Protein chains: 2
Amino acid sequence: MDKLDQTDKTILRILQTDSKKTAKEIASMLNLTPSPVYERIRRLENQGFIKKYVAILDKKRIERSVTAICQVSMRYHDETFIDEFEEQIQDLKEVQECYHMAGQVDFILKIHVKSLEEYHEFVRYKLSKIKNIGVLNSTFVIKEIKHSSEYYI
Amino acid sequence: MDKLDQTDKTILRILQTDSKKTAKEIASMLNLTPSPVYERIRRLENQGFIKKYVAILDKKRIERSVTAICQVSMRYHDETFIDEFEEQIQDLKEVQECYHMAGQVDFILKIHVKSLEEYHEFVRYKLSKIKNIGVLNSTFVIKEIKHSSEYYI
DNA sequence: GATGAAAAGTTGATAGC
DNA sequence: GCTATCAACTTTTCATC
């Protein structure tokens with residue numbers, strides 16, 4: 001009930017690249033009728049393999065051209081400080097990703113802003129207002145080589 | 001023709017969180033009829049604001065639980081070496097994101113694998129086979145604080 | 001730009017193999 | 001787990017305001 005067969009995997013691969021493909025289209029790619037494809041997709045959703053369906057926007061088109069990677073280390077590593085940091089990061093709309101890391105650096109953040117000026121304001125008025133940040137090291141993306149929401153299956 | 005009004009922005013915000021919402025549902029959220037919503041979505045697609053629609057999978061469910069951030073510096077910075085690196089990275093299915101950075105580190109990669117053992121094999125048999133890599137520094141995600149495909153609009 | 005209606009296509013359910 | 005069929009709903013188009 002929780003195992004994926006080859007048909008399931010193919011369906012997931014297709015939906016990861018284009019979720020607007022209809023059950024009918026997928027069915028014809030797999031030499032099936034739409035019904036089993038439809039049922040499998042429903043099952044993959046219910047069993048939690050598919051979390052959601054989203055539109056991917058072009059960041060250049062919506063003025064989020066600057067991508068920064070920001071590495072943060074905390075001054076103290078009390079549980080409370082860490083929890084507080086995590087909570088406050090959730091509310092920062094410029095932060096698209098944030099990971100708690102093993103190693104020297106505590107957190108890695110991916111940030112999207114309109115310009116370097118906006119990044120400066122983000123760091124000055126939002127990020128550095130969070131308590132207990134020790135080291136804060138920002139680098140900027142000069143070219144996006146690969147950026148995908150797909151996982152290899 | 002290329003400017004977004006408030007209605008466009010609301011539609012984009014909705015589609016970024018749930019692209020399965022029908023034109024009818026969005027219309028009722030905006031106190032409109034489905035037709036103008038439908039036309040706006042078509043326009044947002046044609047003008048390149050919406051790049052694509054995808055299904056987001058649960059990485060734990062499909063055995064890609066380990067996320068690594070790998071920072072790579074090149075030995076030499078010739079154009080040919082850089083181009084070659086970028087090309088070869090495209091073909092590595094474990095690499096979900098790769099950015100060419102300004103600063104000390106040349107590239108930052110986000111990698112998804114099943115286990116640390118698989119990561120070891122990835123580095124040993126795939127990544128380190130790419131020519132001209134000088135420094136290679138891997139860290140692992142111990143907790144995902146935030147991970148979204150949405151941009152703030 | 002929006003409404004409203006109508007044609008074409010998809011979804012989702014059900015019966016049967 | 002599949003095919004075939006069908007009603008309900010959505011998408012898509014278009015005349016009209």
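Remember, predicted model here, so these are calculated numbers, not experimental data. Order of the sequence lines fixes the chain letters, A, B, ..., with proteins taken first and strands second; residue numbering starts at 1 for each chain.
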Open item on the list: Run the ring pair (Phe, Tyr, Trp, His ring centres under 6.0 Å) test against A:F107 and tell me which residues pass, sequence neighbours left out.
Closed with: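 Testing A:F107 for ring pair (Phe, Tyr, Trp, His ring centres under 6.0 Å), a comparison that skips the adjacent residues, returns A:F85, A:H100.
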Open item on the list: Within the 4.0 Å limit for protein heavy atoms, which parts of nucleotides 10-17 of chain C are touched? Write it as a string from 5' to 3', B for base, S for sugar-phosphate only, - for none.
Closed with: SSBB----
Whole Å only: how far is the [atom1] atom of [X] from the [atom2] atom of [N]?
X: A:L44; N: D:dG1; atom1: CG; atom2: P; answer: 11 Å
X: B:L32; N: C:dA2; atom1: CG; atom2: P; answer: 6 Å
X: A:N31; N: D:dG1; atom1: CG; atom2: P; answer: 18 Å
X: B:I26; N: D:dT11; atom1: CD1; atom2: C1'; answer: 13 Å
X: B:R40; N: D:dT12; atom1: CZ; atom2: P; answer: 17 Å

Open item on the list: Restricting to side-chain contact (heavy atoms from CB on, under 4.5 Å), what partner residues turn up for B:Q90, sequence neighbours left out?
Closed with: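 So B:Q90 forms a side-chain contact (heavy atoms from CB on, under 4.5 Å) with A:I145, A:K146.
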Contacts of type side chain to side chain donor-acceptor pair (under 3.5 Å), residue [X], not counting sequence neighbours:
X: B:K24; result: none
X: A:T10; result: none
X: B:T67; result: B:H112

Task: Ring-face cation contact, B:F49 with A:R61, 6.0 Å cut, 45° max - done: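 Pair A:R61/B:F49 counts as cation-pi.
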